Amino acid sequence: MSDFDVLVLGSGPGGQKAAIAAAKLGRRVGLVERRDMIGGVCINTGTIPSKTLREAVVYLTGMSQRELYGQSYRVKEEITITDLTARTNHVVGREVDVIRSQLARNHVTVLPGMGRFLDAHTVAVTDGSGSERDVTAAKVVIATGTTPARPSSVDFDGQTIIDSDGILGLDRVPQSMIVVGAGVIGIEYASMFAALGTKVTVIEQRMRMLEFCDTEVVEALKYHLRDLAVTFRFGETVAAVRRYERGAVTVLESGKKIPAETVMYSAGRQGMTGNLDLPAAGLSADARGRITVDEYFRTAVPDIYAVGDVIGFPALAATSMEQGRLAAHHACGEPVRAMHALQPIGIYTIPEISYIGRTEDELTENRIPFEVGVSRYRELARGQIIGDSYGVLKLLVSPDDRSLLGVHVFGTGATELVHIGQAVMGCGGTVDYLVDAVFNYPTLAESYKVAALDAMNKIRQISLLDT
Ligand SMILES: Cc1cc2nc3c(=O)[nH]c(=O)nc-3n(C[C@H](O)[C@H](O)[C@H](O)COP(=O)(O)OP(=O)(O)OC[C@H]3O[C@@H](n4cnc5c(N)ncnc54)[C@H](O)[C@@H]3O)c2cc1C
């Protein structure tokens with residue numbers, strides 16, 4: 001008999017949920033993780049610290065209140081890195097405690113250390129002190145996540161030249177910063193430091209950023225960031241970064257030289273598979289360290305599953321959790337439904353962005369007709385009360401069957417608001433539901449009704465002219 005029915009490698013959102021789901025099904029579960037990384041990248045270096053930092057920035061800068069109290073409004077004049085990390089450390093500590101307690105309550109055995117395959121059913125666990133223990137399991141779930149990709153030509157030192165993990169180790173708020181890579185993580189941090197008053201330059205190889213999002217929403221974000229003195233250099237490639245005592249100079253292939261106190265690389269992530277000895281289990285990873293899985297998160301080797309960032313797109317905490325639960329259920333022989341196709345995207349920039357479903361560009365490309373219904377926060381009583389005059393919610397509606405094809409939100413509470421649209425879309429509702437629904441007043445949720453009425457008025461105009 002094996003030591004465990006299910007052995008999970010990694011305690012991020014994917015591993016955690018896989019371990020707890022298997023334990024709830026009465027299985028003997030082991031979870032391998034380094035002592036100081038319970039909760040994974042999500043809790044320790046990624047999602048939770050960055051979102052807490054954002055909250056601290058929004059609060060301390062007083063940004064969200066400036067439309068009401070004036071542009072000079074601040075909660076704290078000199079914001080230090082300690083002000084920011086105090087909140088982050090508090091939240092991370094609490095979250096780790098919650099996870100430890102959940103694992104203990106569900107009788108998941110935590111094995112401190114890093115796992116490495118000896119064969120498909122045996123894993124050697126090496127702890128920090130170098131001692132090794134072999135454990136066997138009927139099923140294994142790999143949830144080892146990713147680390148920031150670091151170009152070998154760049155001399156990272158943790159203060160002047162950092163990756164996104166290095167943000168939490170900065171000893172001061174820099175006066176100037178270069179962000180290399182305009183992906184979600186890069187732009188989120190760019191917006192936070194811009195709000196703190198850092199002069200930020202974003203360098204991106206491509207001509208656009210966040211191209212999977214609604215074009216108007218991205219334009220609105222760029223407008224806001226430029227207003228906070230962010231400079232965008234699109235279509236530019238970094239040729240070299242030179243480090244000096246008091247900063248760095250980033251040299252672009254176009255010949256430009258940009259000085260800054262800190263350079264943050266946010267140029268993709270690499271799967272944490274290098275230390276797993278995958279071939280010993282009969283597995284392999286691609287050049288970016290990712291493992292291929294099927295719709296049930298099974299790898300090419302029976303009894304080994306993989307979930308979370310290590311399997312690649314969409315690489316979100318939100319999706320990793322559900323993948324972990326589904327993989328565990330499949331591994332334990334429970335009936336499993338395929339993962340829901342409709343998944344929200346949340347981008348915690350300042351201001352935030354969220355959407356679900358399709359974009360205007362996608363629909364146009366696929367020749368799917370749509371009508372747009374728009375609601376602006378400044379026309380909502382709640383928008384005036386909270387001082388958000390820029391927020392906007394956009395519904396994309398099919399003129400044929402009035403189904404919702406997409407919901408795009410920019411502004412306060414976007415990542416929460418999007419779930420109303422998700423519920424309507426997921427339950428197969430139409431825009432009629434939103435037209436007829438009564439929402440609490442004054443709320444931002446009311447924007448759904450305003451946008452639905454706008455879309456319906458436009459659809460009605462066409463049918464009036466058509467008859
Ligand atoms: C700065 C930043 C901000 C983010 N913001 C968001 C957000 O707002 N919303 C969102 O949904 N997602 C966000 N993400 C993405 C999110 O953090 C990841 O999608 C999520 O953490 C992936 O979960 P995972 O289960 O793959 O494991 P991870 O959280 O990646 O953790 C993997 C764990 O596996 C462990 N491990 C590695 N190798 C081994 C081994 N051999 N043996 C045992 N353990 C091992 C590691 O120590 C690590 O703790 C963000 C990421 C970053 C970096």
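Just so you know, ligand 1 is whichever comes first in the structure, and atom 1 is the first atom listed for that ligand. Counting begins at 1 with the first residue of the sequence. Since the structure is predicted, the reported quantities are computational estimates derived from the model, not experimental observations.
Per-residue contacts place Lys51 under 4.0 angstrom from the following atoms of ligand 1 (heavy atoms of the residue considered): 3 (C), 4 (C), 5 (N), 6 (C), 7 (C), 8 (O). Less than 4.0 angstrom separates some heavy atom of Ser50 from each of these atoms of ligand 1: 3 (C). With ligand atoms numbered from 1 in the order given, ligand 1 contributes 41 (N) to contacts under 4.0 Å with heavy atoms of Asn275. Near Met37, meaning under 4.0 Å from any of its heavy atoms, are these atoms of ligand 1: 47 (O), 49 (O). Less than 4.0 angstrom separates some heavy atom of Arg269 from each of these atoms of ligand 1: 53 (C). In summary, the atoms of ligand 1 found under 4.0 Å from a heavy atom of Arg34, numbered by their order in the structure, are 46 (C), 47 (O). Those atoms of ligand 1 that come under 4.0 Å of a heavy atom in Ala318, given as number and element, are 11 (O). Annotation for ligand 1: atoms under 4.0 Å from non-hydrogen atoms of Tyr348 are 8 (O).
Ligand 1 has no N or O atom lying under 3.5 Å from any N or O atom of Gly113, backbone or side chain. Inclusion of Gly39 in the set of residues having an N or O under 3.5 Å from an N or O of ligand 1 is not warranted. Considering backbone and side-chain N/O of Ala317, one or more are found under 3.5 Å from N/O of ligand 1. For the pair Met272 and ligand 1, the shortest N or O to N or O distance does not fall below 3.5 Å.
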Next on the checklist: With side-chain hydrogen bond (donor to acceptor under 3.5 Å, both in side chains) as the criterion, how do Ser176 and Glu261 come out once you've worked through the C-alpha distance, each side chain's angles and the decisive distance to 0.1 Å?
Outcome noted: CA-CA 5 Å; Ser176 54; Glu261 208 175 305; 4.9 Å; no
Next on the checklist: Quick one, His121 with Thr136, criterion side chain to side chain contact (heavy atoms under 4.5 Å, CB included). Give me CA distance, side-chain angles, the key distance, then yes/no.
Outcome noted: CA-CA 5 Å; His121 294 279; Thr136 55; 5.5 Å; no
Next on the checklist: Before you tell me yes or no, could you show the steps for Thr359 and Asp361 under side-chain hydrogen bond (donor to acceptor under 3.5 Å, both in side chains), namely the whole-Å CA-CA distance, both residues' side-chain angles and the distance that decides it to 0.1 Å?
Outcome noted: CA-CA 5 Å; Thr359 61; Asp361 288 348; 5.4 Å; no
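The shortest contact between atom 22 (C) of ligand 1 and any protein heavy atom is with Asp309 OD1, 3.2 Å. Atom 25 (O) of ligand 1 has Gly14 N, 2.8 Å as its closest protein atom, hydrogens excluded (heavy atom only). In this structure, atom 39 (C) of ligand 1 lies nearest to the protein heavy atom Thr144 CG2, 3.4 Å. Ranking the protein heavy atoms by distance from atom 42 (N) of ligand 1 puts Gly115 N, 2.8 Å first. Distance from atom 43 (C) of ligand 1 to its nearest protein heavy atom, with residue and atom name: Val32 O, 3.5 Å. For atom 48 (C) of ligand 1, the closest non-hydrogen atom on the protein side is Glu33 OE2, 3.5 Å. Of the protein's non-hydrogen atoms, the one nearest atom 30 (O) of ligand 1 is Gly145 CA, 3.3 Å. In terms of protein heavy-atom proximity, atom 14 (N) of ligand 1 is closest to Thr47 OG1, 3.2 Å.
Panel note: side chain Arg27, backbone Cys332; a donor-acceptor pair is recorded below 3.5 Å. Side chain of Arg269 to main chain of Thr146: a donor-acceptor pair is present (N/O by atom type, distance under 3.5 Å, no hydrogens or angles).
Among Ile304, Val310, Thr144, the single residue meeting the side-chain contact (heavy atoms from CB on, under 4.5 Å) criterion with Ile291 is Val310. Of the residues listed (Leu31, Val123, Leu9, Val32), the one engaging Leu111 in a side-chain contact (heavy atoms from CB on, under 4.5 Å) is Val32, and it is the only one.
Contacts between Asp165 and ligand 1, counted as non-hydrogen atom pairs separated by less than 4.0 Å, are absent for every part of the residue. For Pro13, heavy-atom contacts with ligand 1 shorter than 4.0 Å involve the backbone as well as the side chain.
Listed by chain and number, the residues in a side chain to side chain donor-acceptor pair (under 3.5 Å) with Thr231 amount to none (sequence neighbours excluded). Arg133 pairs by the side chain to side chain donor-acceptor pair (under 3.5 Å) definition with nothing, not counting sequence neighbours.
Remark: the Gln343 side chain and the Thr319 side chain contain no N/O donor-acceptor pair separated by less than 3.5 Å. A side-chain donor-acceptor contact under 3.5 Å links Ser101 and Arg105.
Within the 4.0 Å heavy-atom shell around ligand 1 one does not find Met321.
Cation-pi contact between Arg150 and Phe156: present, with separation from the ring centre below 6.0 Å and deviation from the ring axis of at most 45°.
The pair Arg382-Glu446 fails the salt-bridge criterion, with no side-chain N (NZ, NE, NH1 or NH2) lying under 4.0 Å from an Asp/Glu carboxylate O.
Below 30°, between 30° and 60°, or above 60°: for Tyr390 and His224 the angle between ring planes is above 60°, a perpendicular geometry.
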